[in-house]
Each structure stands twice: as C-alpha cells, then as structure tokens.
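None of these values were measured; they are calculated from a predicted model. Just so it is clear: chains get the letters A, B, ... in the order the sequence lines come, proteins before strands, and each one is counted from 1.
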Protein chains: 2
Amino acid sequence: MDQTSPTDPAAPDRMAATAPASVEEFRARLALVMDDLPRRLRQCADYIAANTDRIAVSTVAELAAGADVPPSALMRFCQILGFSGFSEMQRLFREAYAPGWPDYATRLKNLKEGGAGSPSALLGEFIEAGRLSLEALAKSADEAALAQCVAVLAAAQTVHVIGLRRAFPVACYLAYVFEKMSVPAMLHDSVGKLDHRFALRPGDAVLAITFAPYSEETIALAQDARTRGLPVVAMTDQLTSPLARFSDAVLTVPEVDFGAFRSLSATIAMAIALAVAVGSARGE
Amino acid sequence: MDQTSPTDPAAPDRMAATAPASVEEFRARLALVMDDLPRRLRQCADYIAANTDRIAVSTVAELAAGADVPPSALMRFCQILGFSGFSEMQRLFREAYAPGWPDYATRLKNLKEGGAGSPSALLGEFIEAGRLSLEALAKSADEAALAQCVAVLAAAQTVHVIGLRRAFPVACYLAYVFEKMSVPAMLHDSVGKLDHRFALRPGDAVLAITFAPYSEETIALAQDARTRGLPVVAMTDQLTSPLARFSDAVLTVPEVDFGAFRSLSATIAMAIALAVAVGSARGE
DNA sequence: GGATTTTTGGAATAAATATTCCAAAAGAAC
DNA sequence: GTTCTTTTGGAATATTTATTCCAAAAATCC
C-alpha cells in the first residue's frame with residue numbers, strides 16, 4: 001500500500017497530477033511528455049499534435065482510428081496528459097472552440113456578392129488571397145532557413161536591400177524597419193538608373209527579393225555580390241528561382257494572387273519578422 | 001388509417017423530406033420554416049440561429065437548456081428541419097468545421113512557441129497580426145465609401161499618389177498597379193526633398209495614405225490639393241484622422257500591429273482592390 | 001362549451017460512447 | 001533462456017446521450 005501511494009518515488013511519474021487548464025498548458029504538457037513514450041502512445045501523441053483541432057468534434061473511437069490505435073490506448077494517453085479521461089480533455093477543447101466563421105465568412109461572401117468586378121467583390125477576393133497566403137506561409141515556413149538568414153544578416157556590416165517592381169514595396173518596408181531598428185541598411189532603388197553596386201563593401205550582405213518573372217537587376221546585384229564573396233540572402237517564390245543559385249540562404253514565400261496581382265501579405269509578414277529578428281540579434 | 005398515411009395531403013408538410021446537405025442549405029431551411037412555428041419550436045429556432053456555431057460541440061441537453069426548452073422539443077425541431085434526429089444535424093456541423101483551422105492554427109502555435117523573440121516566433125506573431133487585420137477589414141469595410149472613392153479616382157485625369165514612411169510601401173504598390181492597369185498616376189515620393197505640388201493640374205485627383213502619427217507632407221499635399229479644388233481620396237486609420245478633414249472620400253483600414261510595426265496586409269488588400277477597380281472603371 | 005387537433009413535457013427506452021480491467025504479448029534485465 | 005516489468009488489445013461494463021412515445025395541456029374550430 002505504502003509503496004503504491006501517489007507519491008511513490010519509484011513509480012514512473014509520467015502521470016501528471018493536475019489536468020491542463022488551457023490549450024497552451026495542454027501543448028506544453030504534450031511537448032514535455034512526447035519524447036519518452038512507448039510506441040502506441042507515441043502514435044497517439046503524434047496524431048493528436050497534428051489534429052488538435054478535431055478533438056472538440058470527435059469521439060474516442062474516431063480519434064483512435066485516426067491514430068491507428070485501439071481506443072484504450074487513446075484513453076491511457078489522455079490520462080498521461082493529466083486528464084481523468086477523454087471527456088475531460090474534450091471539454092477543454094469544446095469550451096475553447098470558436099470557429100472564425102460566424103461572421104467573417106458570411107461577411108466575405110456578402111462582399112463578393114456585390115457583383116462580379118464591383119469594388120467590394122474585388123476587395124473580398126484580395127482579402128481572401130491575403131488570408132490564404134498567410135495560412136500557407138504558416139504551414140510552409142522553414143524555421144531553420146529563417147534562423148540562418150537572420151544569422152547571416154546580423155553578422156553583416158551593412159545590409160543592402162534590393163527588390164524592384166512588385167517586390168519594391170517589400171524592399172521599402174524592409175528599409176523602413178531596418179532604420180527603426182538601427183540596422184545599417186541601404187535600399188537599392190534604381191532611382192535615376194543609378195547603380196550603386198560599388199557601395200558593396202567586404203563585410204556587407206545583400207538581401208534580395210524577387211518573384212517570377214524575376215527582375216534582372218536584382219539577380220545581377222546578387223550575382224555580383226556573390227562573385228565578390230559577400231553573403232546573399234534571398235526572398236523568393238521557389239527554391240528553383242534563379243536567385244537561389246547565388247544565395248547563401250533562401251526564404252521561399254508562398255503567395256496567392258488574385259488576377260495579376262500578389263497580395264504581398266505573406267511576403268511582408270516574412271520581411272518584418274526577418275528585419276525585427278535581425279535588429280534584435282544585433283542589439284545583443 | 002388511410003388519412004394518416006405519410007402522403008396525407010391534409011398533414012402539415014412542415015417536415016421536409018430531405019436533410020440539408022450544407023450549412024447554407026441549413027440556413028435557408030431555417031429561414032423558411034422560422035415564421036410559422038409554435039412557441040417552443042420557435043424558441044429552438046431562435047436559439048439555434050444565434051448559436052449555430054455551438055451545434056458541433058454541444059449535446060442535445062445543453063442546447064435545449066440554452067433555448068430553455070425540454071430536450072424533446074429540440075429533437076422535434078431537428079426533425080422539422082429535415083434531419084432524422086439531432087445526431088444527423090450535428091454531423092453536418094462537425095464535418096463542416098474542417099476548413100477553419102485545418103492545420104494552420106496548430107502550426108502557428110508551433111511557430112510562436114519557437115521561443116519568445118526567436119525569428120519563427122516573430123513570424124508567427126506577424127502572420128497572426130496580418131490575419132486579424134484582414135478579418136477586421138472584411139467585417140468593417142464600407143462598401144459605399146469604397147465605391148465613392150473609385151468613382152472619384154476613375155473620373156480623374158491623373159491620380160497623384162502620396163504616402164510616406166510606413167505608408168510608402170503601399171503608395172509604391174498602388175503606383176505599380178496603376179501603371180499595370182494603364183491608369184495615369186504619379187507617385188510623390190519626396191526623393192531629393194523635391195516637392196512636385198505643381199504637378200497637380202485641374203482635373204487630377206489625389207490619393208493620400210497616412211496613419212498615426214500622420215506624416216506632415218502627406219497632409220500638406222492633401223490640403224493643398226483641396227485648396228485648389230481637386231478631389232482628395234484618403235486611406236487612413238480613423239475617421240477622425242486629420243486627413244479626413246481635407247478629403248472628399250475616406251477609406252478607413254483597421255490594422256493590427258505587433259510591436260511597433262503594422263502588418264499592412266489589410267491596407268494593401270484595400271489598395272489593390274481600389275486600384276484594380278479604378279482601372280476597370282476607366283477601361284469601360 | 002364540447003369536440004378535435006396541435007403542441008408539449010417528461011418518463012421510458014435505445015443507442016452510442018467512454019472507461020475499466022485483465023490476460024496476453026512484448027520487451028528489458030539478469 | 002528465464003524472470004520480471006512494461007505495454008498492449010479487446011472484451012465487459014458503466015455512463016452519458018439521443019430518441020421515442022404517450023398522456024396531459026393548450027389551442028382551435030364548430
């Protein structure tokens with residue numbers, strides 16, 4: 001008896017005493033437990049981590065089938081996480097459940113129904129394109145590549161930013177954020193067709209942005225920098241972009257466009273994150 | 001007996017034969033039935049209409065309690081809507097719920113958890129800020145104001161675009177889109193501190209963009225145009241913005257920012273929609 | 001005001017779902 | 001290879017939840 005009491009030091013203490021009270025806590029505990037778990041329970045953890053959102057609307061049997069384990073395994077998994085059982089875990093997610101659609105989707109539909117080609121219909125489409133781009137970025141972002149880009153730029157003396165045509169707004173914003181974060185940066189804007197390639201000094205780095213159809217000047221500057229041994233960071237649409245060949249680190253940004261125009265939402269989100277991260281890294 | 005057969009023409013045919021197959025159909029049927037329903041069923045209809053989103057994660061008893069009716073009443077209500085019972089109705093909403101978060105929110109959380117201040121955490125935050133901005137724009141966009149802006153700009157000879165500092169990326173992109181759509185436009189970029197205010201000719205219009213803290217030059221140009229009798233269209237954050245005073249039409253764009261930087265997603269979506277709409281209107 | 005129809009509430013039942021438990025399998029330790 | 005521990009799967013059970021049914025209450029009609 002004494003040896004099986006809850007505080008028995010010999011017992012595997014995988015079973016937490018208290019249930020997570022929020023989705024954040026849930027994730028924290030999941031991450032904690034994740035690493036040393038036997039096979040079946042591991043499957044549960046993986047499946048649940050990837051399908052957290054379905055907990056609120058599924059039964060034990062459904063989730064177990066998805067994870068390809070018997071229901072009892074999933075049951076044990078819930079308990080390891082600290083819940084008394086599946087129902088308690090589900091309650092957490094049912095309460096947190098708040099789909100975006102009650103209002104947003106309806107409203108978007110109304111906008112789009114303003115008549116094809118009407119200003120509000122266009123607005124609806126661009127909002128949608130922006131949202132999809134951001135979601136795609138969230139799903140596809142390569143954290144390692146981002147960290148590498150930050151490292152390269154943080155180590156540079158001066159950051160040379162280049163992006164023309166539709167990438168120009170992004171380049172501008174980058175220059176703005178770099179300035180605010182006190183990062184020495186130069187915007188290569190091609191004003192007056194002046195080419196400032198000799199501003200590139202040893203110790204500097206280039207941040208080049210271009211999307212198909214790739215702009216020649218941007219690629220030329222990147223190539224030039226490369227030849228002179230300066231590191232180049234690229235923001236582009238594909239790993240196969242010509243820019244990627246001259247770059248030391250590549251960030252690909254998915255962007256959904258409607259009609260002929262990019263939403264730029266994802267590109268800008270990535271750009272600010274990059275610039276702010278570089279600014280902080282230098283500050284230290 | 002013969003009089004109570006399922007096809008009895010005298011029976012109230014409130015009971016639809018086939019169940020709604022989508023959320024839209026569901027709403028349509030609800031609206032249809034809504035009007036002539038006895039008291040308790042009416043309560044069900046009202047409550048369900050206002051809490052559609054909770055169907056997926058509630059039990060009959062919970063919803064019935066919310067509507068303040070006995071469970072059996074809610075049960076009948078489901079059948080009137082054409083479902084075999086509550087479970088069938090719930091299935092519809094549980095399945096429809098897939099697109100909301102499919103994987104995105106999970107992934108976003110992971111990004112943010114990369115450690116406070118890490119590049120990927122920042123990216124997660126900016127993605128979120130962008131998404132919230134777009135949703136807010138969808139909800140708040142004023143279609144009439146947008147249409148009015150389009151009308152004003154479509155009637156202009158040349159569109160003068162001005163936006164500095166953080167609004168500059170937006171101004172650039174507008175200039176780019178106008179060019180692609182063959183709309184005569186001039187970007188006032190303040191390069192060399194050159195002031196091109198005399199480029200404003202009768203028949204032209206100004207499109208000014210600025211957010212708090214409002215940039216002086218932008219307001220000055222708008223004011224100048226106004227004095228000379230040219231129409232001014234404003235993109236800004238508040239109806240109380242100083243820009244609004246000199247403008248004939250105002251577009252307010254909600255933008256959520258994270259830290260010191262705006263996501264610009266909503267602003268850009270609005271800008272492209274505006275420019276494309278103006279382009280089309282002129283083409284006709 | 002009585003007859004007829006409709007609506008209602010709740011008790012009874014059916015079905016689905018969660019949860020436990022234990023014998024068997026797998027794995028680790030010796 | 002044997003023993004001991006951990007993990008597993010599924011059958012048995014408990015619990016919750018949905019659904020039906022019918023008598024009582026309202027409402028409607030004559």
Round to the nearest Å and state the distance from [X] atom [atom1] to [N] atom [atom2].
X     : N      : atom1 : atom2 : value
A:F86 : C:dT17 : CZ    : C1'   : 10 Å
B:R42 : C:dT8  : CZ    : C1'   : 18 Å
B:E88 : D:dT19 : CD    : C1'   : 13 Å
B:R94 : C:dA16 : CZ    : P     : 14 Å
A:L74 : D:dG9  : CG    : C1'   : 14 Å
B:R40 : C:dT8  : CZ    : P     : 7 Å
B:I55 : D:dA18 : CD1   : P     : 13 Å
B:F83 : D:dT19 : CZ    : P     : 12 Å

If you round to the nearest 0.5 Å, how far is [atom2] of [Y] from [atom1] of [X]?
X      : Y      : atom1 : atom2 : answer
B:R29  : B:M34  : CZ    : CE    : 14.5 Å
A:D36  : A:R42  : CG    : CZ    : 9.5 Å
A:I272 : A:Y173 : CD1   : OH    : 4.5 Å

Side-chain donor-acceptor contact under 3.5 Å, A:S263 with A:E255: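 The answer is yes; a qualifying pair exists.
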Quick one: do the A:R40 and A:Q43 side chains pair a donor with an acceptor below 3.5 Å?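 Judged by distance alone, the side chains do pair up.
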Find every protein N or O atom lying less than 3.5 Å from an N or O atom of nucleotides 21-30 of chain D, and list the pairs.
none

Do any side-chain nitrogens or oxygens of B:Q79 fall under 4.0 Å of OP1 or OP2 in D:dT19?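 No, outside the criterion.
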Please state whether the phosphate of C:dA16, meaning OP1 or OP2, lies under 4.0 angstrom from any side-chain nitrogen or oxygen of B:S87.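 Negative; the distance criterion is not met.
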Would a line drawn from the ring center of B:F26 to the ring center of B:F93 be shorter than 6.0 Å?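 B:F26 vs B:F93: aromatic centres under 6.0 Å.
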Determine whether the aromatic ring centres of residues A:F261 and A:F126 are separated by less than 6.0 angstrom.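 No, the ring of A:F126 stays outside the 6.0 Å limit from the ring of A:F261, centre to centre.
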Tell me whether [X] contacts the main-chain N or O of [Y] through its side chain, where contact means a donor paired with an acceptor under 3.5 Å.
X      : Y      : result
B:E62  : B:T59  : yes
A:Q148 : A:D248 : yes
A:S133 : A:V256 : yes

What nucleotide among C:dT19, D:dT20, D:dT8 has an atom nearest to a side-chain atom of A:R39?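 Between C:dT19, D:dT20, D:dT8, the one nearest the side chain of A:R39 would be D:dT8.
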B:L41 has a side chain; which of C:dT8, D:dT8, D:dT19 sits nearest to it?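 Comparing C:dT8, D:dT8, D:dT19 against the side chain of B:L41, the answer is C:dT8.
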Roughly what angle, to 10°, lies between the helix axis at the start of the helix from C:dG1-D:dC30 to C:dC30-D:dG1 and the one at its end, five pairs per end?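 Comparing the axis at each end, I get an angle of 20°.
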Got a sec? Which of residues 59-71 of chain B come in under 4.0 Å of DNA chain D, heavy atoms?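 Within this stretch, B:T59, B:V60, B:A61 sit under 4.0 Å of the strand.
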What verdict does the salt bridge (Lys or Arg N to Asp or Glu O under 4.0 Å) test give for B:R131 and B:E135, after you've listed the backbone C-alpha separation in whole Å, the side-chain angles of each residue and the deciding distance to 0.1 Å? CA-CA 6 Å; B:R131 219 208 62 212; B:E135 286 188 7; 3.2 Å; yes
Could you tell me whether the side chain of A:L207 reaches within less than 4.5 Å of the side chain of A:L274, counting heavy atoms only?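 A:L274 reaches A:L207 side chain to side chain.
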